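Working notes for the structure below.
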Amino acid sequence: MRVRVRYFADAREAARRDGEDLDLAAGATVKDAVDALVRRHPALGSIAPRARVAVDERFVGPDEALAEDATLVLIPPVGGG
Amino acid sequence: MAPTSDRNAPRPGAPASAFHVVEGPIDADGVRALVEHPHAGAVIVFHGTVRTRTADREVTHLEYEAYGPMAIKQMAALGADLVDAHGLVAVAATHRVGRLEPGEAAVVVAISAPHRAAALAAVDEFLVRLKRDVPIWKKEHFEGGAVWIGTPDDPQGVRSGPPGPETTA
């Protein structure tokens with residue numbers, strides 16, 4: 001199963017890219033994906049615990065199951081306005 | 001006989017089309033126009049502007065980044081919530097991204113309501129929730145460095161809810 005990952009703000013700087021694809025086992029959850037991303041980019045290790053996660057433009061919890069082609073985004077603390 | 005007033009005019013509410021993320025200066029009159037309505041007895045147009053800080057360092061400029069499609073969805077959902085909760089006529093907002101200089105507007109929020117109290121309260125609530133739930137990030141640039149607001153590198157501390165004083169709004 002492949003999901004698309006996009007990075008913003010300090011997560012983008014830590015991962016040194018705007019996005020990438022991530023291959024996961026069928027049935028993988030949001031937590032599985034985030035753990036895999038932190039293994040791939042250790043600099044995300046300090047960011048992931050503070051970040052929320054959005055899948056297909058909606059905030060989701062760590063146990064949410066991912067679907068093929070989903071777009072997953074780490075949402076570090078926001079600061080609009 | 002049909003009333004000649006606006007009684008049957010549709011309420012604009014907070015459609016997704018009233019929320020935008022833009023890369024250039026915000027057309028505040030355009031945001032205001034989205035909430036004008038004959039049922040409105042109050043129209044509030046809030047400008048959140050970039051300011052330099054006097055406390056511990058001088059901000060040279062800000063850099064905003066957005067997850068645009070989700071930011072628009074979240075602002076629209078927030079606007080719809082406020083319409084319901086406060087009995088508003090309409091909500092519209094535009095947030096700017098990219099580099100902003102002191103004095104420039106980062107966000108313009110327009111809210112109309114039958115009476116001012118609801119509109120004023122809703123403006124504040126919109127901003128509080130914008131800073132919590134809308135995927136827009138701010139990097140503060142100052143002499144000698146830059147920091148993403150809300151991160152541990154932010155000298156104002158990690159934010160876990162409403163914003164600290166470093167925010168523009």
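Heavy atoms only: backbone and side chains are in, while hydrogens, waters and symmetry mates are out. Labels below follow one simple rule: chain letters A, B, ... track the order of the sequence lines, proteins then strands, and each chain is numbered from 1. Worth saying up front: this structure is predicted, and the values here are computed from it rather than measured.
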Task: Exceeds 12 heavy-atom contacts within 6.0 angstrom, atom CD of A/E68 - done: yes
Open item on the list: Taking A/V38 as the starting point, is it possible to reach A/Y7 by hopping between hydrophobic residues whose side chains are less than 4.5 Å apart?
Closed with: yes
TODO: Determine whether B/V43 and B/F46 fall in the same hydrophobic cluster, where Ile, Leu, Val, Met, Phe, Trp and Tyr are linked whenever their side-chain heavy atoms lie under 4.5 Å apart.
DONE: no
TODO: Would you confirm whether B/Y64, through its side chain, and A/G81, through its main-chain N or O, come within 3.5 Å as a donor-acceptor pair?
DONE: yes
Task: Contacts of residues 52-63 of chain A with chain B (heavy atom under 4.5 Å) - done: A/R52, A/A54, A/D56, A/E57, A/R58, A/F59
- [ ] Residue by residue, scan residues 8-15 of chain A and write down, ordered by number, those that have a heavy-atom distance under 4.5 Å to chain B; if none do, write 'none'.
- [x] A/F8, A/A9, A/D10, A/R12, A/E13
TODO: Look at the side-chain heavy atoms of Ile, Leu, Val, Met, Phe, Trp and Tyr, link any pair under 4.5 Å apart, and say whether B/V31 and B/I111 land in one connected group.
DONE: no
- [ ] Name the region of B/A66, side chain, backbone, both or neither, that has any atom closer than 4.5 Å to a heavy atom of chain A.
- [x] backbone
Task: Side-chain donor/acceptor of B/K131 to backbone N/O of A/G80, under 3.5 Å - done: yes
Task: For A/V78 against B/L130, the heavy-atom pair lying closest together - done: CG2-O, 4.2 Å
TODO: To the nearest 0.5 Å, tell me how far B/Q74 CD sits from A/I75 CD1.
DONE: 8.5 Å
Open item on the list: If the condition is side chain to side chain contact (heavy atoms under 4.5 Å, CB included), which residues does B/A146 pass it with, not counting sequence neighbours?
Closed with: B/K139, B/H141
Task: Within 6.0 Å of CD in B/E23, more than 12 heavy atoms from elsewhere - done: no
Task: Greater than 12 external heavy atoms within 6.0 Å of A/R40's CZ - done: yes
Task: Greater than 12 external heavy atoms within 6.0 Å of B/R116's CZ - done: no
Open item on the list: Tell me whether B/I136 shares a hydrophobic cluster with B/V107, the cluster being built from Ile, Leu, Val, Met, Phe, Trp, Tyr side chains joined at under 4.5 Å.
Closed with: yes
Open item on the list: Would a single hydrophobic cluster contain both B/L62 and B/V109, if residues Ile, Leu, Val, Met, Phe, Trp and Tyr are joined by side-chain heavy-atom contacts under 4.5 Å?
Closed with: yes
TODO: Output all residues satisfying ring pair (Phe, Tyr, Trp, His ring centres under 6.0 Å) with B/W148, sequence neighbours left out; order by chain, then residue number.
DONE: none
Open item on the list: Minimum heavy-atom separation for A/R6 and B/Y67, please, with both atom names.
Closed with: NH1-CE1, 3.6 Å
